[in-house]
Amino acid sequence: MNFPQPLLQACHLHKNFGGQQSIIDLSFHINEKECLGIIGPNGAGKTTLFNLITGMVPASSGIILWQGHPIEKKSGAQLARLGIARTFQNIRLFKQLSVLENIQIAYDSQLTYSVLGSLFSFSQKNLQEKKSIAAAMDLLAMFEMTDVAHEPASSLPYGFQRRLEIARALALNPRLLLLDEPVAGMNSTEAAKIMELLRWIQKEFSSTLLIIEHHLPFIMELCNRLLVLNFGSLIADGAPSQIKTNPAVISAYLGNDNDSEE
Amino acid sequence: MDYFAQQAINALQLGSIYALIALGYSLVYGVLTMINFAHGDLFMVGAFFCFLLEKMIRVPFWLALLLTMLGTSLLGVLLELCAYRPIRHAPRVSAMITALGCGLIIENITLALSPYPRHMPTLIKNSITSFHGITISSLQLVVIGISLLLMILLDFIIRFTRFGIAMRALSSDRLMVSLLGIPANRIISMTFALGAALGGAAGLLYALSYPVISSSMGMLIGWKAFVAAVIGGIGNIRGALLGAYLLGATEIITVSLLPSTYRDLVAYSLLLLVLVFKPYGILGQPQVVRS
Amino acid sequence: MILNDYLIFILITLIINAILCLSLNLVNGYMGEFSVGHAAFMALGAYSSAIITVKIAPTLPPLFLFPMAVLIGGATAALAGIPLAFLSFKTRGDYLAIITLAFLMIVKSGLENISYVGASRGFLGIPHLTNLPWTLFWGVVCFLCLRNFIYSKWGRCIMAIREDEIAAEAMGVATRSAKMMTFMISSFVAGVAGALFAHQLQFINPSSFDILKSTDILVMVYLGGVASLSGSLAGATIFTLLNQLLQPLGIWRMVVMPFLLVLLMLFRPRGIMGFREWSWVKIHRDRSDH
């Protein structure tokens, strides 16, 4: 086979919570360097899908392949170290820790010094710690957050907390970055800034993006391919222009419920 | 066979007392998801209260029971009002430490006032009935009978009264209840009163059964009842009863096979064992953690 | 000589308390779990070190015997920390607190039934090996090591677990090994304190390590300040001195201490130095060179 292998492939995923089916027979793939958007009404299973991919909850059945290897058995931390990073819908920073420490934690899984090394402060530890701080400060500089590096994360304004969460995910050096509603609760100027940031990340870090977003103009503009979920099933997969005119999507969004925006 | 029947009655007696105390832990945990570590000391105060009543004014048994329950429930409400209400929205750890502190305060005040164990006067004429070689004292009958009566009463209150329904609503969704205009504070106070009253009754029954009372019994016996509540699944009423009788039986078996100093060791090992295999107790449900 | 025996005794007690306080603060303050079982680790350290100095190697020269006994005391306690750490993988909050409580009761009533160490009568005839220089030495070692640990990736990891375990997991934090290490280190340090305690008093019995001992340590931690090394030192100092000052009150002193704890929870739940440090305690790695 000389097809390029997809970065991540999901085959026939199912997830039940009690009796409720939250993901039903979902299969899709993401190629390297792609920017894939996931849209769908509330409760369509988008965040559950993220939780499955990142190992936060186990799938009821189905396979997830990462570069051809099954990963459903791995823990969230292992997947993070493989290169799958995420942000959360409701921002989950380490609130009482400083901005710098938030970033450093993402680097910590790469530091190799032992517990004894940390207790007795061997030189190897100090060297690695210094490197990690330098790397974290570089990253913060790119995100224009050098000034607040020593402030507690909870003291940042909302928009900056979002940026910090994205920066923290990037510190893992991810091959795949999952963003759960990155512009939720933002006005259009702030959203435009995040869009600019994500474009820049795509270019600078050449990472693959998987984005959940309700803000349709935003995601249509940013992504080159969209998945549409409804009641846990995949109802469309294609370029934004195709999705716009897809009858199944239109009925899911406009058909029988009137409470969705856009 | 007779031996086993005899031990079963002993286990029933001990289990009933544990059950009354364990219910208090569970009721409070149900509405506040808070471990009221001071509850064991309310039980101890119940025993001392009854002791004082009998020393100062000799009152008949039923009046002593009523007054003791009233006294401890007042103390329970006071405790909730002064110590627990102000920190209700603080982190759970704060609540746990406060409860631990309150328990120690009550225990040590009692210790300071009464440094030596006291001997409880008899309240009930203890006649022994023999039935096919199994002896059962009237005291045992009273202890088991009153416990069952109180449990049935509690069940009735929880199931059928407005207060009971509000209490159950409170334990399933505290925010919703206050939105619906149910006076959550009053319900919580009443829950404390109810739990403390049962604890007080247990204190009295314990003092009659094993008539040496001391300030440390809140920790020795009260915490055992707590263990029982956790084994059954804290917050769950039926679990508390199950755990209490299970623990009562385990202790009676232990004491009949091993030196009595192994009692605590076995009881707490049982707790650890249950928690390893059933992390939320036998009948308990995991708490819903908000994400 | 300015330091009379009484003052030396107080000073040694203060340092032992500070070591205990640092140990508990690692689990309760930095990792955000709630242990009420630290008296058990202390007991294990005290008993195992006393077994070494009384039963196994009483003839060795003290200069060699004592550090060995203290280390073995710590190691025994650390081993006992392993099962608790395993239990903490699945359980958090109230239930973990209950497990530590059960652990404490099991250790205490277990010791009451082992006649080799005197059962409930207590362990007699422990040599008086704890002196001020040794206590100071162990105190400084524990403080520096814990400080290094906290200002390292492990320290950050356990604080991340405290703040948000799910997010920590998503950031690649190996939560299980971090918890394991923390429980082991914390119980090791408590064991060291226990060994010093045993060789200071020369007599230990199981009821010196009951829930009251644990609450004493809790008072120190929550008085001084959670997640703070400075707070641990401050808490232990204030607690020890207050305990001495209140001595004339007799039993009523045992009412004042928990009352203080309740007042703290009401008015200053994080303690005096909660989440803060005196500047000399901090390690500024990015600003100055080491």
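Just so it is clear: chains get the letters A, B, ... in the order the sequence lines come, proteins before strands, and each one is counted from 1.
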Side chains of [X] and [Y], heavy atoms from C-beta outward: is any pair under 4.5 Å?
X        : Y        : value
B/Pro279 : C/Lys90  : no
C/Met265 : B/Ile97  : yes
C/Met105 : B/Trp223 : yes
B/Leu104 : C/Met254 : no
C/Val262 : B/Cys102 : yes
B/Ile87  : C/Leu266 : yes

For [X], is it the side chain, the backbone, both or neither that has a heavy atom under 4.5 Å from a heavy atom of chain B?
X        : value
C/Leu260 : neither
C/Phe86  : neither
C/Leu104 : neither
C/Phe34  : side chain
C/Val36  : side chain

Test C/Ile98 against every option in B/Val227, B/Leu272, B/Leu271 by the side chain to side chain contact (heavy atoms under 4.5 Å, CB included) rule and name the one that passes.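 In the set B/Val227, B/Leu272, B/Leu271, the residue that makes a side chain to side chain contact (heavy atoms under 4.5 Å, CB included) with C/Ile98 is B/Leu271.
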I need the residue from C/Ile106, C/Asn113, C/Thr215, C/Val107 with the largest number of non-hydrogen atom pairs under 4.5 Å to chain B.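 If we count pairs closer than 4.5 Å to chain B, C/Asn113 comes out on top.
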Give the member of C/Pro258, C/Pro269, C/Ala119 that has the highest number of heavy-atom pairs under 4.5 Å with chain B.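 Most pairs with chain B among the choices: C/Pro258.
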Winner by heavy-atom pair count (cut-off under 4.5 Å) against chain C, out of B/Gly101, B/Pro115, B/Gly281: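 The answer is B/Gly101.
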In terms of heavy-atom pairs under 4.5 Å, which option from B/Val93, B/Val276, B/Val266 contacts chain C the most?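 Of the candidates given, the most pairs with chain C belong to B/Val93.
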More than 12 heavy atoms of other residues, nucleotides or ligands under 6.0 Å from [atom1] of [X]: yes or no?
X        : atom1 : result
C/Tyr116 : OH    : yes
C/Phe275 : CZ    : yes
B/Arg186 : CZ    : no

Approximate separation, where rounding is to 0.5 Å, of [X] [atom1] and [Y] [atom2]:
X        : Y        : atom1 : atom2 : answer
C/Leu218 : B/Met96  : CG    : CE    : 9.5 Å
B/Thr98  : C/Leu263 : OG1   : CG    : 10.0 Å
B/Leu275 : C/Ile99  : CG    : CD1   : 5.0 Å
B/Tyr268 : C/Leu101 : OH    : CG    : 6.0 Å
B/Thr110 : C/Ile251 : OG1   : CD1   : 11.0 Å

Heavy-atom contact with chain C under 4.5 Å, split by part of [X]:
X        : result
B/Met219 : side chain
B/Ile234 : both
B/Ala90  : neither
B/Leu111 : both
B/Leu265 : both

Go through the steps to decide whether C/Trp252 and B/Asn108 satisfy the test side chain to side chain contact (heavy atoms under 4.5 Å, CB included), and finish with yes or no. CA-CA 7 Å; C/Trp252 288 99; B/Asn108 290 334; over 6 Å; no
